[in-house]
Q: 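Got a structure here, written out as structure tokens. Questions coming.
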Amino acid sequence: MNSQQQAFREAMAHLSAAVSVITSYGPAGRCGITATAVCSVTDTPPTLLVCVNRNSALNEVIKANGRLCVNVLASEHEEVARHFAGITQVTMEQRFGLHDWQLQDARQPKLAGALANLEGRVTQVQEVGTHSVLLVELEDIQVRDSGDGLVYFSRAFHPLTRPSAAI
């Protein structure tokens, strides 16, 4: 790794980001990974940008299935994040068995209790360096009204407390 790459990685470690588990299910199988490279693009139509490492098992699964769900994790889901990041060394099948995943019809796996479940179809893919940049047009959005967030900062997970409602 050259010094520019190292400096970039260090700088990105100081960029707080929401933690999500991206899942995909379809003819190519079922897979999921922990990710922080997710952001909104537009609300008309509701579209997300999702970046997935080209070496990730999920990359080819998503491209073949053409669909995914971004499960925005709550603070109590740190263990889920660790499993899907591969930190705990459990198999992909075990990851889906350890928590409350909703697997209905031909829909994408949704984590019960996530702060948000954003399901949609991949409309564009752009290969940039080591990652695939996916544009995902959302077709189903579920939002939880309560709960604290989970962020990744300085190479660690941290809870993010929801502000109290104004009186």
Q: Please confirm whether the ring centroid of H83 lies under 6.0 Å from the ring centroid of H99.
A: yes
Q: Are the side chain of H77 and the backbone N or O of A74 linked by a donor-acceptor pair below 3.5 Å?
A: yes
Q: Is the shortest heavy-atom distance from the side chain of R30 to the side chain of M92 under 4.5 Å?
A: no
Q: Applying the 4.5 Å side-chain criterion to the ILVMFWY set and letting contacts propagate, would L118 and I33 be lumped into a single cluster?
A: yes
Q: Would a hydrophobic clustering, with Ile, Leu, Val, Met, Phe, Trp and Tyr connected at side-chain separations under 4.5 Å, put V38 with L111?
A: no
Q: Of all the heavy-atom pairs spanning A81 and L150, show the shortest one and how long it is.
A: CB-CD2, 4.2 Å
Q: If I take atom OG1 from residue T47 and atom CG from residue L138, how far apart are they, to the nearest 0.5 angstrom?
A: 6.5 Å
Q: Taking atom CZ of R107 and atom SG of C69, what is their separation to the nearest 0.5 Å?
A: 9.0 Å
Q: Using a 4.5 Å cut-off on heavy atoms from C-beta on, say whether the side chain of T23 contacts that of F96.
A: yes
Q: Hydrophobic clusters here meaning ILVMFWY residues chained together by side-chain heavy-atom distances under 4.5 Å, can you tell me if V128 and L58 are in one?
A: no
Q: Check the surroundings of atom CZ in R144: do more than 12 heavy atoms from other residues, nucleotides or ligands lie under 6.0 Å from it?
A: yes
Q: Taking atom CZ of F8 as the centre, does the number of heavy atoms from other residues, nucleotides or ligands within less than 6.0 Å exceed 12?
A: no
Q: R54 versus T130: any side-chain heavy-atom pair under 4.5 Å?
A: no
Q: Taking everything shown except E127 itself, do over 12 heavy atoms lie less than 6.0 Å from its CD?
A: yes
Q: Shortest non-hydrogen contact from V72 to A114?
A: O-CB, 3.4 Å
Q: Kindly determine whether R67 and E139 satisfy side-chain contact (heavy atoms from CB on, under 4.5 Å), including the steps that lead there.
A: CA-CA 10 Å; R67 303 190 53 75; E139 298 166 340; 2.8 Å; yes
Q: Work out which heavy atom in A28 is nearest to a heavy atom in N65; give both atom names and the distance.
A: N-OD1, 2.8 Å
Q: Please report the interatomic distance CG(L48) to CD1(I141), rounded to the nearest 0.5 Å.
A: 8.0 Å
Q: Let me check something: do V70 and V143 share a hydrophobic cluster, defined by ILVMFWY side-chain heavy atoms less than 4.5 Å apart, either directly or through other members?
A: yes
Q: Work out which heavy atom in N59 is nearest to a heavy atom in N53; give both atom names and the distance.
A: ND2-O, 3.3 Å
Q: S75 side chain to P159 main-chain N or O, any donor-acceptor pair under 3.5 Å?
A: no
Q: Could you measure the distance from the CZ atom of R121 to the CD1 atom of I62? Nearest 0.5 Å is fine.
A: 15.5 Å
Q: What verdict does the side-chain contact (heavy atoms from CB on, under 4.5 Å) test give for Y25 and L103, after you've listed the backbone C-alpha separation in whole Å, the side-chain angles of each residue and the deciding distance to 0.1 Å?
A: CA-CA 9 Å; Y25 173 73; L103 309 167; over 6 Å; no
Q: Kindly indicate whether the side chain of L135, heavy atoms from C-beta on, has any atom under 4.5 Å from the side chain of L49.
A: yes
Q: State whether E10 and R155 are salt-bridged, where the test is any N-O pair (Lys NZ or Arg NE/NH1/NH2 against Asp/Glu carboxylate O) under 4.0 Å.
A: yes
Q: Taking all heavy atoms of S24 and all of Q108, pick out the closest pair and write down the distance.
A: CA-OE1, 3.1 Å
Q: Between OG of S132 and CD of Q126, what distance do you get to the nearest 0.5 Å?
A: 9.5 Å
Q: Under 4.5 Å between side-chain heavy atoms, counting indirect links through other Ile/Leu/Val/Met/Phe/Trp/Tyr residues: same cluster for V41 and V125 or not?
A: no
Q: Just by modelled atom types, is the G86 backbone N or O under 3.5 Å from a matching donor or acceptor in the Q89 side chain?
A: yes
Q: Counting C-beta onward and ignoring hydrogens, is there a side-chain heavy-atom pair between K110 and D140 closer than 4.5 Å?
A: yes
Q: Apply side-chain contact (heavy atoms from CB on, under 4.5 Å) to residues V122 and L68 and explain how you reach the verdict.
A: CA-CA 7 Å; V122 177; L68 62 79; 4.2 Å; yes
Q: What is the minimum heavy-atom distance between T42 and T44, and which atoms define it?
A: OG1-N, 3.2 Å
Q: Determine whether V21 and W101 satisfy the following criterion, side-chain contact (heavy atoms from CB on, under 4.5 Å), listing intermediate values before the conclusion.
A: CA-CA 11 Å; V21 169; W101 289 94; 3.9 Å; yes
Q: Distance from I22 atom CD1 to L134 atom CG, nearest 0.5 Å?
A: 8.0 Å
